[in-house]
**Student:** 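Quick one: the structure is below, questions incoming.
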Amino acid sequence: EALREITRGVFPAQLVRSGLPMALTSLLARTRSVDHLVVEPSAADRRFAPEVEAAAYFCVVEAMHELEGPVLVRLDAQDGRLRLVVDGTDRGDLPLDEIRDRVEAAGGSVSLARGAGRAVIDVRAPAAHGAS
């Protein structure tokens with residue numbers, strides 16, 4: 001658990017090399033087998049601004065640490081904006097201030113909806129880079 005805490009903030013090289021969809025695929029594969037990632041075709045082959053990719057990635061890292069499974073992560077890019085939705089069982093401990101700080105620093109916004117024991121984090125950020 002201590003090692004997990006230390007590595008939570010380490011920037012993944014795969015994010016730089018392969019982009020957000022691949023880095024999220026790897027992250028979810030390493031965490032729990034009951035999680036699900038949906039990458040919409042509009043985001044599948046896209047690269048986003050580095051600060052947007054990092055903010056989205058670490059938003060998922062924080063959410064995965066606090067949400068219970070199954071967790072659904074959906075990545076989409078429409079109308080010049082990246083949209084990331086993370087949906088999981090709410091334990092009431094989401095570090096929303098940290099998530100909001102990261103996303104807003106990248107020019108985005110965060111909303112949180114809670115109900116029926118679920119928490120849904122909705123991140124929207126500019127999609128500055130085109131397809132790779």
**Student:** Give me the atom names and distance for the closest heavy-atom approach of E62 to P95.
**Tutor:** OE1-CG, 3.4 Å
**Student:** Which pairs with one or both residues in residues 105-124 pass salt bridge (charged side-chain N to carboxylate O under 4.0 Å, His left out), sequence neighbours excluded?
**Tutor:** R83-D122, D87-R118, D90-R114, D122-R124
**Student:** Would a hydrophobic clustering, with Ile, Leu, Val, Met, Phe, Trp and Tyr connected at side-chain separations under 4.5 Å, put V85 with F58?
**Tutor:**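 Per the 4.5 Å side-chain linkage, V85 and F58 are not co-clustered.
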**Student:** In Å and rounded to the nearest 0.5 Å, what is the CG to CZ distance from D97 to R102?
**Tutor:**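 Rounded to the nearest 0.5 Å, the CG-CZ separation comes out at 13.0 Å.
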**Student:** My understanding is that only residues two or more places apart in sequence, or in another chain, count here; which of them pass side-chain hydrogen bond (donor to acceptor under 3.5 Å, both in side chains) with R100?
**Tutor:**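 If we apply the side-chain hydrogen bond (donor to acceptor under 3.5 Å, both in side chains) test to R100, skipping adjacent residues, there are no hits.
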**Student:** Side chains of L37 and L27: does their closest heavy-atom pair fall under 4.5 Å?
**Tutor:** no
**Student:** Between T89 and L67, does a side chain to side chain contact (heavy atoms under 4.5 Å, CB included) hold up when you go through it step by step?
**Tutor:** CA-CA 5 Å; T89 302; L67 294 175; over 6 Å; no
**Student:** Excluding sequence neighbours, so at least two apart, what forms side-chain contact (heavy atoms from CB on, under 4.5 Å) with D93?
**Tutor:**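 With neighbours one apart ignored, the set is E66, R91.
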**Student:** Could you please spell out the steps behind the side chain to side chain contact (heavy atoms under 4.5 Å, CB included) verdict for C59 and I121?
**Tutor:** CA-CA 9 Å; C59 174; I121 303 165; 4.1 Å; yes
**Student:** Quick one: does R47's side chain have a donor or acceptor within less than 3.5 Å of a partner on V16's backbone?
**Tutor:** yes
**Student:** With hydrophobic residues grouped by side-chain heavy-atom distances under 4.5 Å, do M22 and Y57 end up in a single group?
**Tutor:** no
**Student:** What is the minimum heavy-atom distance between V52 and A125, and which atoms define it?
**Tutor:** CG1-CB, 3.8 Å
**Student:** Can you list the residues that meet the side-chain contact (heavy atoms from CB on, under 4.5 Å) rule with V38, with sequence neighbours excluded?
**Tutor:** H36, E40, L72, R74
**Student:** Would you please name every residue forming a side-chain contact (heavy atoms from CB on, under 4.5 Å) with A43, sequence neighbours left out?
**Tutor:** V39, F48, L75, A77
**Student:** Sequence neighbours left out, what pairs pass side-chain hydrogen bond (donor to acceptor under 3.5 Å, both in side chains) with at least one residue falling in residues 12-26?
**Tutor:** Q14-S26, S26-R30
**Student:** Can you check whether L82 reaches L20 side chain to side chain, under 4.5 Å on heavy atoms?
**Tutor:** yes
**Student:** Mind listing the closest non-hydrogen atom pair of P21 and A44 along with its distance?
**Tutor:** CG-O, 3.9 Å
**Student:** With hydrophobic residues grouped by side-chain heavy-atom distances under 4.5 Å, do I99 and V120 end up in a single group?
**Tutor:**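 No; V120 is not reachable from I99 via cluster members.
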